[in-house]
Amino acid sequence: MKITDFKIPTRLDEALAALRDLGPAALPVAGATSLVFIPEDQPMTAVDLNRLGLDGIRRDGDAFRIGAATRVAALQKRHEPGWVLDRVALTLSSQQIRNESTLGGNICRVFPWSDFPAALLALGAGLVIRGAQEKEMTADEFFSSQPARLFRGGDLLTHIRVPAVGAGAGFGYKKVRQTATGFSLATAAACLQLDGGGIRSARAALSAAVPFPARCAAVEAALAGKKASEGLLREAALNGLSGLKFKEAEGMSAEYIGRLAAVTLGDALVEAWAQAKEQAS
Amino acid sequence: MAKKNFKVVNQPVKKLDALPLALGKPLFVADFKPADALYAKLLWSPHAHAIIKSIDISAAEKMPGVHCVLYHGNVPRIAHTTAGQGFPEPSPYDTFMFDRKVRYVGDRVAAVAAETPEIAEAAVKAIKVEYERLEPVLSIEAALKEGSPVIHDEPEARAVIPVPYEPKKNIAARVGMDVGNVEQAMAGAPYKLDNSYYIHMAQHCPIEPHVTMAHVNAEGRLVIRTSTQVPFHARRIAAQTMDIPVQQVRVIKPRIGGGFGAKQEVLLEDVVGMLAWRSRRPVLLMYTREEEFVSSRTRHPERIRVRLAADPEGTLTAVGLDCISNTGAYGAHALTVVCNSGSKVLPLYRAPNVHFTGTAVYTNLPVGGAYRGYGATQAAFAVESAVDELAEQIGVDPLVLRSNHHIRSGETSPVFAALGEGKAGVEQAIGSCGLDKCIRLGAKAIGWKKRGDWRKKKGRYRRGIGMCCLMQGSSIPEIDMGAASLKMNEDGSFNLLMGATDLGTGSDTVLAQIAAEAIGTTSDKILVYSSDTDMTPFDVGAYASSTTYLTGNAVLDAGLKIKKQILGVAAEMMEKKPADLEIRDAQVFARDGSGSVTFQDVALHSLYAANQFQIAAISSHISHKSPPPFAAHFAEVEVDTETGLIRVVKYVAATDCGTAIHPKLAEGQVEGAVMNGICYALTEQYLFNSAGRMLNDSFLHYKIYSMRDKPEMVTILVPTYEKTGPFGAKSVSEIGINGPCPAIANAIYNAVGVRLREAPFTPEKIWRGLQQHNA
């Protein structure tokens with residue numbers, strides 16, 4: 001990335017105006033940790049998003065409202081009932097990167113190995129975008145293809161709304177990599193809502209192993225309304241991904257990565273189930 | 001010489017360069033860049049095998065800010081080797097500063113020096129090249145196939161010593177030996193195996209990639225500051241390649257950010273030297289990480305056949321080893337690496353019948369070179385895996401099989417005499433050998449006794465323990481030479497000047513300790529200046545695990561000469577005989593207690609008072625042996641049977657390096673080598689597309705371990721005393737990297753019964769092995 005100019009707005013409207021004026025030459029940055037991945041082709045103007053009040057986490061009813069410029073380290077260090085993103089944050093790269101990298105940056109331009117998209121898909125997060133007006137969309141809409149498409153007109157992701165994982169619910173998150181700070185080979189996230197011993201609803205999502213983060217509809221369908229057991233969860237993951245296309249990685253075949261993703265999703269479902277049982281009462 | 005009453009040696013003294021390194025002081029090549037330096041960039045071949053039909057540099061030359069453009073049409077065409085080895089080099093002369101042919105993706109095509117890196121980059125892009133593409137040869141098997149394209153068809157390619165060299169068959173080197181008859185021994189043996197193993201390419205990944213700076217000084221001499229392990233070889237080869245006299249070149253080695261063998265290559269000195277020579281401006285060339293991966297050097301991959309046989313009592317009767325290495329596009333270290341696959345591995349176990357062949361083949365892939373372990377790493381994986389396989393066949397504990405057969409103090413091996421580096425080897429009897437104790441202490445630390453059969457293990461996550469035994473060498477006997485010069489200053493400090501090359505290993509500190517111990521002072525009184533071809537005596541450089549052992553002996557000898565001179569001056573001052581004096585703590589005492597003088601008194605007397613002379617000495621050392629350090633390594637791994645994912649739980653490395661001159665630095669060498677070896681075994685690999693282009697040329701996709709990945713590690717130093725080494729020392733720097741591949745392969749087998757004979761051990765390979773079990 002060739003940065004030839006740098007703008008430091010201090011108000012949201014100022015930032016939005018700058019992004020609109022610059023058009024495709026604008027490069028919104030907060031943590032700036034992914035610049036290294038962006039090829040150096042045309043000159044860009046960086047627009048700093050760190051002084052717009054877009055950082056911070058607050059509880060908002062049954063959900064958490066997270067500013068898009070909130071550092072991953074802040075997600076990692078928060079611990080309270082219903083909050084699960086600390087588990088996701090902890091697996092992202094190294095502490096040095098987590099201190100700088102932001103949640104918004106991690107999801108607005110989705111790289112194959114991005115961590116948060118799968119978690120937000122499984123959690124059913126909402127994404128708040130500011131342009132001329134404020135609008136909220138579901139994670140399913142947001143991640144239906146590269147989110148960067150949403151910001152071409154100068155709009156900006158300002159907040160992420162993440163439901164608290166409450167009574168009878170559980171969240172599971174597993175990421176497999178070869179080295180501690182390496183890219184993910186397979187990332188799986190799952191949310192289960194129990195109803196007594198039965199599964200009222202299940203949400204499952206994968207990233208890294210697949211070309212783009214995606215919900216696992218067949219797995220979810222195989223679980224909804226069933227009596228939960230470890231066997232059922234693992235079987236659903238193993239059998240429910242056959243329609244997905246996997247990609248080879250780090251010298252390993254697509255077939256193997258598919259296997260790895262299925263086992264990893266099974267592990268995430270089992271972890272979600274364990275938490276849901278714990279929170280049953 | 002007393003063995004154990006060391007005052008400086010065997011102590012963890014402060015590393016001489018610790019403080020400036022920690023403070024980030026300017027110490028490295030690029031730190032010395034003058035303001036008027038030009039930046040150099042190279043144009044790399046996009047093709048694995050092609051003839052340059054035409055090249056047009058005119059647009060690049062005309063760009064404002066461009067001072068020099070080099071290509072095959074405007075530089076001397078001199079065949080040489082980039083391998084920084086003793087002269088005449090055992091590596092073939094098959095390389096030119098620039099050639100009309102390119103032999104791998106990343107081969108040199110042209111070079112530019114310009115005012116800024118941006119201009120240099122733009123000028124490189126402005127060079128127009130027309131290629132005629134040739135069929136690339138991308139594997140050992142393809143290289144050896146009848147009718148395969150010839151990679152080195154240029155008439156100048158030749159070996160400069162009498163060794164087999166057949167470029168028309170893509171063969172860069174051949175070596176071999178036989179004792180007894182392995183085939184016959186195999187034929188009648190009740191226990192035997194004949195297996196093939198493959199071990200892969202890897203990169204050294206020094207923190208500081210290759211970097212070289214050159215300028216022409218006021219006297220018209222070329223001064224090259226470079227990140228090298230071999231300053232004197234760099235001077236010789238740069239002068240040869242540029243076709244200028246050696247006396248016109250001065251090579252200075254500042255601090256080095258790691259080398260691991262990659263910087264035993266004279267890669268950039270010739271072209272940067274030529275750019276500076278032509279432009280008459282200082283020129284700096286720094287490799288990017290991508291260039292370091294593709295266009296520096298790699299570990300030679302090897303395809304290895306191992307044959308083992310044992311008699312009905314389980315006694316080893318035959319060891320056969322056939323290694324074919326892939327040297328890539330050029331033959332740097334081709335002969336010696338594959339030769340070391342035999343010479344540094346086969347002597348470890350006694351067997352009456354021994355067979356070895358080593359063959360190095362050219363391919364259109366990145367170039368092999370020296371890499372820590374140097375062929376021993378490759379063969380140790382194969383042989384130590386096979387030993388475990390044979391032990392299972394016999395029904396004996398693999399630890400016991402190893403203990404029963406490994407070489408011991410006082411014994412010799414026919415391999416030592418048979419395999420040298422480019423000539424016959426040197427017969428030697430083993431002096432010190434602490435391998436028995438390494439095995440015993442290592443086994444205890446890992447919990448060898450609790451190791452069970454994989455068939456009895458249950459559950460998704462299964463643990464296993466594996467081991468291996470290792471040896472290396474200490475210097476190249478009757479070939480390599482190191483020298484040191486010491487002089488006394490008027491305050492009782494000493495200048496130690498050496499060609500020995502501290503590349504981050506701590507050898508400056510280790511050699512200062514040896515000097516201090518020999519003279520009778522402390523290491524902080526030794527001012528070390530290492531590696532400047534104008535100022536320091538000759539040294540072959542830092543390779544072949546030689547510096548402590550080889551240069552250490554030169555330093556020891558110079559130190560003892562200094563001590564004698566000090567005693568002489570003190571005797572004159574104190575009106576005693578030298579024999580009536582002794583040195584302790586930088587002072588000379590009369591044995592009868594009648595008085596003492598300090599080193600400062602002695603120095604002042606010798607420089608100013610009477611019969612003045614400079615207390616100084618210079619010594620050279622050539623070794624007649626290459627005493628092996630020994631090691632026993634143990635790995636405990638955990639395998640996820642659902643996915644094949646593997647984790648090293650604990651690693652124990654017990655090493656006999658003789659006297660550890662600096663125990664902390666020696667432990668650091670072992671730990672660094674082991675970490676290096678673990679990720680080599682598990683995660684490092686070159687991925688190529690079908691046209692021979694490397695796909696993962698960055699740390700994002702080429703996976704090396706960081707401290708976050710470090711398993712529990714136990715480092716045990718087993719002290720022995722090598723009589724031929726300085727204060728009993730042997731080498732420690734290379735041996736540690738040879739262990740993880742076999743120890744982990746054996747541990748995986750012990751965990752889940754999957755025998756992997758192809759490295760690296762990716763989760764997929766383990767999982768597929770498990771699938772075969774289940775099928």
Side-chain angles (χ1 to χ4, degrees), chain A residues 2 4 33-41 43 90-98 111-113 174-186 188 208-209 230 233-235 237-238 246-268 270, chain B residues 117-118 121-122 125 200-202 205 288-290 460-461 639-648 675-676 678-689 694-696 698-711 758-771 774:
Chain A
K2 195 177 281 175
T4 52
T33 50
S34 58
L35 292 190
V36 66
F37 305 124
I38 303 173
E40 234 179 84
D41 39 14
L90 198 58
T91 67
L92 185 142
S93 190
S94 64
Q95 191 64 53
Q96 289 92 327
I97 295 292
R98 295 195 288 270
F111 291 100
W113 55 84
K174 292 283 177 193
K175 173 176 168 180
V176 179
R177 56 218 194 277
Q178 292 215 76
T179 53
T181 56
F183 293 139
S184 179
L185 290 170
E230 185 173 336
L233 296 169
R234 293 200 185 280
E235 204 175 311
L238 283 178
F246 294 97
K247 23 169 232 182
E248 54 185 52
E250 297 175 23
M252 291 179 269
S253 70
E255 183 200 358
Y256 171 74
I257 296 294
R259 163 75 191 185
L260 187 63
V263 174
T264 306
L265 181 57
D267 289 344
V270 170
Chain B
E118 289 78 11
E121 190 84 59
K125 284 186 185 146
H200 57 302
M201 186 181 285
C205 305
T288 62
R289 183 59 61 185
E290 291 75 11
R460 175 173 167 183
Y461 298 94
V639 176
D640 178 352
T641 54
E642 290 291 322
T643 59
L645 288 164
I646 173 170
R647 181 169 76 89
V648 176
M675 282 282 278
N676 197 172
I678 294 175
C679 54
Y680 178 50
L682 296 180
T683 61
E684 289 184 54
Q685 54 182 331
Y686 270 65
L687 302 172
F688 293 103
N689 69 8
M694 185 186 184
L695 300 170
N696 57 335
S698 86
F699 283 146
L700 296 171
H701 301 286
Y702 182 96
K703 310 280 179 183
I704 62 169
Y705 272 21
S706 69
M707 285 309 282
R708 297 175 188 89
D709 298 291
K710 184 173 177 269
E758 300 229 343
F761 316 130
T762 61
E764 177 167 13
K765 286 182 193 162
I766 300 173
W767 177 71
R768 291 201 181 276
L770 287 159
Q771 296 304 103
N774 297 343

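A note on names: the letters A, B, ... follow the listed sequences, proteins ahead of strands, and every chain is numbered from 1.
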Using non-hydrogen atoms only, which part of A/V36 is less than 4.5 Å away from chain B: side chain, backbone, both, or neither?
neither

Toward chain A, the part of B/L682 with a non-hydrogen atom under 4.5 Å
backbone

If I take atom CD from residue A/E250 and atom OG1 from residue B/T683, how far apart are they, to the nearest 0.5 angstrom?
8.5 Å

Distance col, row A/T179:OG1 vs B/E684:CD, nearest 0.5 angstrom, shows 10.5 Å

For the CD atom of B/E764 and the CD atom of A/E255, what is their distance to the nearest 0.5 Å?
7.0 Å

Contacting region of A/T264 [heavy-atom separation from chain B under 4.5 Å]
neither

Between A/V176 and B/T643, is there a side-chain heavy-atom distance shorter than 4.5 Å?
no

Using 0.5 Å steps for rounding, measure from the CD atom of A/Q178 to the CD1 atom of B/I646.
10.5 Å

Interface moiety of B/R768 toward chain A, non-hydrogen atoms closer than 4.5 Å:
side chain

Highest number of heavy-atom pairs under 4.5 Å with chain B: which of A/L185, A/I257, A/L260?
A/L260

Any chance you could measure B/L700, atom CG, to A/W113, atom CH2, to the nearest 0.5 Å?
7.0 Å

Relative to each other, are the rings of A/F183 and B/H701 parallel, tilted or perpendicular (30° and 60° limits)?
tilted

